[in-house]
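These notes concern the structure reproduced below.
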Amino acid sequence: MSAYLATIPSPDRGVWHLGPIPLRAYALCIIAGIIVAIWWGERRWEARGGTKGTVIDIAVFAVPFGLVGGRLYHVITDPELYFTEGRNPWNAFAIWDGGLGIWGAIALGAVGALIACRRKGIPLPAMADAVAPGIVVAQAIGRIGNYFNQELYGAHTDLPWGLEVYQRFNPEDPDNLLNGVATGHIPLPESPVHPTFLYELLWNLLVALLVVWADRKFKLGHGRAFALYVAGYTVGRGWIEMMRTDTANHILGLRVNVWTSILLFLAAVAYFVLAGRRGPREAPETLVSKDAVGPDEVPVAAGEASVSASASAEEASAGEPEAAEADSATVGEPEPVKVAVGEPEPVKVAAGEPEHAKVAADGPEPVKVAAEASEPAKVAADVPAASDKPASSEAPAPEPKKTAES
């Protein structure tokens, strides 16, 4: 009894029926993982400056491609399960019975994502970086489905976390034990076993933390966060794969998935190094979907807002040279007064209206008229060095100093 309490029990079944509808734990875990990956990827994409809703649009293409790719990889690497004597080839399409290869799902899913990214006008490597942690967490959630299916476990162990596996029975289809039920909890001969699904689940969560930490610290871009995920995952998958006891094809004494892990690890490390030469991560404006703005709108990055504002101010100043000249005249000491009062033409231009300038020169109340003129002329009239007496435009003083005192 004490030995039983020290182990991890398995669920008695992986399928429940809601009337005629089967509810499969494996499928529910896959769906939950996809939802988490999309949700987290969306948050990371928006944080990098991408358009809201883009990850969902990409998933519409990537998820179906990924499911087909995952099934193809499984069928290709384990063809004897479907195409040998006594097997039903149509079962290759029975994805609900389990059997998805992560490498096929990633490869063909990337094809779907590439198509969607081209349509959106955004770089695929940046999108891959955004969804990388979510993908590996989705894989961790998917491993819970293996727990309910009581599959992909390791050899016998006496460790406290050993997994108890039980005999399942399916009276309707004796060969389909995956849909069976463990009645009486009769342990299999090798029970308890290494819960390799649990090892991979924990490893995947650690890889997700590694990718998030490295991405925040080093601002990874151009697909480097995704490459780090692939490299980290394959390291754990390699040694965990060698602990499993389920049937698998071998090449040179190693399981096919072990060889795949080795090759993908080398490829991911090479890509990580080479992509680092492309410089900093992608600019936020390059992550904006081309269908996110109208035909006459151009997305402007937040860092360029101040530059645009100052450029608009310069254009406004350039459009009113007279006002700028008047402003510069008010800053000077005697010279601006000479320009604003002593010479009629500048005053006429600064006022902006010739008729007002004429009244300002000939009328009895030049200061009052100047107050009704444009702002630069008003400022010029209020200069402390100017006299309160009206200036005459008929006889301007020949010397600036004399004109300022008259």
Side-chain angles (χ1 to χ4, degrees), residues 36-59 61-62 106-107 109-139 204-235 263-294 297-312 314:
V36 170
I38 294 174
W39 172 79
W40 195 4
E42 189 72 56
R43 289 174 59 89
R44 284 174 52 83
W45 182 253
E46 290 183 43
R48 290 191 57 178
T51 305
K52 183 178 181 180
T54 302
V55 175
I56 297 177
D57 294 338
I58 300 298
F61 286 82
I106 294 296
V111 174
L114 176 61
I115 295 173
C117 286
R118 290 285 181 87
R119 292 165 61 94
K120 291 284 186 179
I122 56 177
L124 175 63
M127 175 59 66
D129 286 339
V131 300
I135 289 178
V136 72
V137 170
Q139 292 176 234
N204 290 347
L205 295 179
L206 291 176
V207 171
L209 292 176
L210 172 65
V211 173
V212 171
W213 171 82
D215 193 31
R216 289 180 178 178
K217 184 174 180 62
F218 303 106
K219 304 297 181 183
L220 301 177
H222 306 289
R224 301 182 75 204
F226 188 84
L228 181 62
Y229 141 64
V230 173
Y233 172 72
T234 51
V235 169
L263 295 177
L264 288 177
F265 171 79
L266 296 176
V269 172
Y271 180 90
F272 186 89
V273 174
L274 294 176
R277 301 176 183 177
R278 302 183 64 181
R281 63 164 49 172
E282 297 84 350
E285 56 267 25
T286 64
L287 309 185
V288 178
S289 302
K290 65 181 181 181
D291 57 354
V293 295
E297 298 175 348
V298 178
V300 179
E304 299 177 355
S306 59
V307 178
S308 300
S310 58
S312 300
E314 291 177 5

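Keep in mind that what you see is a predicted model, and the values were worked out from it rather than measured.
Shown here for F226 and A132, the closest heavy-atom pair between the two residues is CA-CB, 3.8 Å. Taking all atoms of both residues into account, the shortest heavy-atom contact from L220 to A214 is CG-O, 3.9 Å. Scanning both residues, E282 and G221, for their nearest heavy atoms gives OE1-CA, 3.8 Å. R118 and K290 get closest at one heavy-atom pair: O-NZ, 4.1 Å. Here the shortest heavy-atom pairing between P280 and H222 reads O-NE2, 2.7 Å. The two residues T234 and A231 come nearest to each other via the heavy atoms OG1-O, 2.9 Å.
In this structure, the side chains of D57 and R119 stay at 4.5 Å or more apart for every pair of heavy atoms. A 4.5 Å side-chain heavy-atom check between V131 and V55 finds at least one atom pair inside the cut-off. The shortest distance between side-chain heavy atoms of M127 and T54 falls below 4.5 Å. With a 4.5 Å cut-off on side-chain heavy atoms, R224 and R281 do not count as touching. By the 4.5 Å heavy-atom criterion applied to side chains, P123 and L287 are counted as neighbours.
Between the OH atom in Y229 and the CZ atom in F272 there is a gap of 15.5 Å [rounded to 0.5 Å]. The line from CH2 of W45 to CG of D129 is 9.0 Å long, rounded to the nearest 0.5 Å.
Remark: A113 engages I58, A62, L124 in a side-chain contact (heavy atoms from CB on, under 4.5 Å) (not counting sequence neighbours).
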Next on the checklist: Does I106 form a side-chain contact (heavy atoms from CB on, under 4.5 Å) with Y233? I'd like the steps, not just the answer.
Outcome noted: CA-CA 13 Å; I106 294 296; Y233 172 72; over 6 Å; no
